[in-house]
Amino acid sequence: MNHEDPNSGRRLFFLSVIYGLWGLIGAALALPASIYLLFPPRLRRREEWTEAADMGKLTPKTPTEVVFRQNRVDGWKITRERTTAWAIKISDTEVIALAPQCTHLGCAYHWDDAKRQFLCPCHTSTFSPDGKVLSGPAPRPLDRYEVKVENGKLLLGKVVESENAA
Amino acid sequence: MMRVVVRVIGWIEHRTGLETAIRSFLYEEVPASSGWQHVFGSVALFLFMLQAFTGILLAFNYAPTPGEAYNSLRYIMTEVTGGRLMRQLHHWGASMMIVVVVLHMIQVFLFGAYKKPREATWLAGVVLLLLTLAYGLTGYLLPWDNRAYWGTVVTTQIASKAPVLGPYLSRLLGGEGAIGVVTFARFYGMHVLLLPPITTLMIIAHVFLVRKHGVAPAPGDEAKPLKKFYPEQVYKDTVAIFVAFAILFVMAVAAHVPLERLADPTDTSYVPRPDWYFLFLFQMLKFFEGPLEVVGSIVLPTLAVIALILVPFLDRGRVRRVTERYTAFGVVFLALLGWGGLTGAAIATTPKTAAVEIDFSAPTEWLQLSPEEMAGVGYFRKENCVSCHAVGDGGAKIGPDLANTAIRKSAAWMIAHFKRPSMLVPGSMMPPIQLSDPQLNALAAFLLKLTPQNASALQAAPAFAVDGALIYQANRCGACHLVNGVGMKVGPPLNGLFRHRDKAWLVRHFRDPQAVTPGTIMPRYAFSQSDMDKICSYLLSLPD
């Protein structure tokens with residue numbers, strides 16, 4: 001590049017060492033930093049099932065809002081927080097539990113008993129009792145909790161994101 | 001493509017003059033004698049930027065309050081991917097920073113590069129040295145473990161004893177009464193909010209002055225043509241920076257930085273020590289007692305700083321070759337000798353701590369195991385179960401994954417299986433385990449505790465704890481004592497024993513319980529020396 005420089009071989013050597021080494025340093029820092037920021041932390045706690053309701057107290061085929069306390073792993077803390085689920089009993093051993101946020105933008109929806117559908121107050125998405133989108137901008141059915149029925153109690157696990165509606 | 005790049009660069013140059021600025025910075029002329037001895041300043045600058053980088057990344061996962069600092073740092077070290085590397089880069093980077101800044105200063109001192117008109121450059125450098133030490137002092141508290149807490153207790157006590165200023169300094173550091181949330185907030189505030197901008201400004205001033213006066217030439221340079229800073233000197237700086245970075249990176253990967261027990265103001269057995277670069281000051285204090293203490297803690301360090309400030313005003317002779325500066329070499333030699341001697345003496349006189357060191361920077365689920373389960377770890381290792389079985393690491397092995405809870409069997413099934421493997425699992429290649437029933441019980445108890453999440457942490461149980469638990473089980477201590485909720489309450493529960501007993505007491509108590517605790521029904525135990533060490537270490541490691 002520098003035409004006046006008589007030692008251009010020497011110069012080229014300097015330049016390649018300078019850019020090569022700085023490239024190495026940059027990579028040795030950028031890679032761990034990206035991993036540090038973007039990789040999920042190793043989770044060393046067991047998944048938990050939380051008792052949410054008595055099966056006997058759920059009305060068949062009608063969604064009931066159940067309020068329960070759940071442990072949530074939040075960084076270095078485990079917080080115990082109030083959570084809700086919409087539980088729909090299908091039979092004594094079968095139940096669906098819907099996560100309480102609309103799949104559009106996370107607003108809390110409610111049950112419209114007259115129309116027998118869920119209504120989101122934000123952008124008027126409506127959902128069927130089993131969570132399917134009936135109308136509005138919601139992109140996919142309501143998310144569901146993992147459920148388990150043991151000794152007449154409804155146990156809830158983590159929320160599983162629903163598949164995008166085809 | 002090239003044309004676009006040239007046009008973009010041209011556009012930026014026209015609007016900002018950036019290219020010209022960079023060119024004039026890089027094509028600065030330096031004396032003919034400049035070379036490898038001038039790399040330390042650049043390395044120090046690089047390390048400062050690296051500390052800022054790793055510090056910011058740590059701050060993304062760190063909660064700066066005494067209530068949470070320790071737990072969040074533990075989270076960084078045990079759960080965040082790459083977190084341990086970041087913390088260790090920051091930790092060792094701090095030490096390396098001190099080394100490089102001091103080397104830089106020694107080079108300038110030996111070459112007499114502070115002489116007229118470069119006195120101000122030297123003074124800015126002295127301030128930067130003090131700032132570097134201030135980072136070390138304030139950062140030391142932030143892990144909030146015992147080491148951090150007790151080290152800072154000593155620091156704030158020294159500051160509070162300063163003549164006249166003491167009470168004000170003490171108030172400023174929030175250290176009145178005890179170290180707590182206020183001191184912590186101030187140290188953190190200084191470390192991340194106050195010191196970095198001051199340091200940045202001082203570095204700018206320092207580099208500006210270096211550029212204004214130019215690199216100090218050696219005698220004879222006038223006759224030789226000047227060299228350009230770029231690329232030859234930049235090449236040397238880059239190589240030096242890379243070497244420093246490579247050393248640091250290897251240390252950060254390989255040299256383990258432990259995390260001690262959470263800061264405990266009631267721990268009377270703790271031996272506080274400052275970081276290695278402050279040990280000489282710490283040691284010097286021992287020579288001054290009573291009313292003279294202030295000489296060691298305040299007067300001498302202050303005089304040392306004043307001496308550094310006065311260097312360019314005292315040494316005003318003509319510029320000499322570095323090889324003729326005998327006095328300068330003598331001063332550096334004496335200073336290093338004094339520093340090395342004091343540091344060595346401090347290390348030599350550090351009492352071997354009797355307390356058991358548990359590394360809290362690694363997962364410590366093993367602390368919760370009952371003695372029986374812990375003894376199970378011992379049999380698990382002795383029988384070398386991992387030679388055939390995977391344990392939560394997903395490795396394809398001959399036998400099933402023992403941490404897989406889906407295939408978990410009962411303890412009774414396991415024990416029957418241990419004795420006659422092919423009875424319960426036809427065709428099993430597992431050899432029978434030759435252990436007694438209580439030992440097989442212990443092994444089964446441990447295996448029942450395994451999950452994929454805790455397997456590696458449980459397997460990491462240190463040898464002293466496993467060996468101690470084996471002795472504990474063999475002597476049936478659990479028939480009277482309670483550990484981690486397992487055992488009996490005839491004798492006192494043993495959790496948290498380290499809080500009120502030390503090893504010497506335990507040894508005396510084992511040898512002759514009646515003499516230490518009159519009326520006790522505990523029998524004597526004549527352990528061998530090595531067994532005594534192991535059982536004591538185990539008992540003193542039991543958590544609260």
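Values in this document were obtained by computation on a predicted structure and should not be read as measured data. Chain identifiers are assigned alphabetically (A, B, ...) following the order of the sequence lines, protein sequences preceding nucleic acid strands; residue numbering begins at 1 within each chain.
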Between B:Y235 and B:Y230, ring centroids under 6.0 Å: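 Not under 6.0 Å, so no.
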Could you tell me which residues in residues 18-29 of chain A have at least one non-hydrogen atom under 4.5 Å from a non-hydrogen atom of chain B, sorted by residue number?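 When heavy atoms of chain B are the reference, residues 18-29 of chain A contributes A:I18, A:Y19, A:L21, A:W22, A:L24, A:I25, A:A28, A:L29 within the under-4.5 Å range.
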SG to SG below 2.5 angstrom is the rule I want applied to A:C107 and A:C120. Does it hold?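 No disulfide here.
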Please look at B:F249 and chain A and tell me whether the side chain, the backbone, both or neither of the residue comes under 4.5 angstrom of a heavy atom of that chain.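 B:F249 touches chain A through side-chain heavy atoms alone.
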For this output row, return yes or no: ring centroids of A:W111 and A:F118 closer than 6.0 angstrom.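 For A:W111 and A:F118, the ring centres are under 6.0 Å apart.
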Is B:E29 paired with B:K228 through a side-chain N to carboxylate O contact shorter than 4.0 Å?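 Salt bridge flag = yes for B:E29 with B:K228.
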Under a 4.5 Å heavy-atom cut-off, does chain A meet the side chain of B:I76, its backbone, both or neither?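 Interface part for B:I76: side chain.
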Are there over 12 heavy-atom neighbours, none belonging to B:D544, within less than 6.0 Å of that residue's CG?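 Count over threshold, so yes.
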Taking only distance into account, with no hydrogens and no angle test, what donor-acceptor pairs under 3.5 Å do side-chain atoms of residues 39-63 of chain B form with protein atoms, sequence neighbours excluded?
unit_1 : atom_1 : unit_2 : atom_2 : d
B:S42  : OG     : B:D237 : OD2    : 2.7
B:Q51  : NE2    : B:H90  : O      : 3.0
B:T54  : OG1    : B:L50  : O      : 3.0
B:T54  : OG1    : B:Q51  : O      : 3.3
B:T54  : OG1    : B:H90  : ND1    : 2.9
B:N61  : ND2    : A:Y36  : OH     : 3.2
B:Y62  : OH     : B:L142 : O      : 2.6

Taking the side chain as everything from C-beta on, heavy atoms only, tell me whether B:V30 gets closer than 4.5 Å to B:L226.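 Side-chain contact under 4.5 Å: no.
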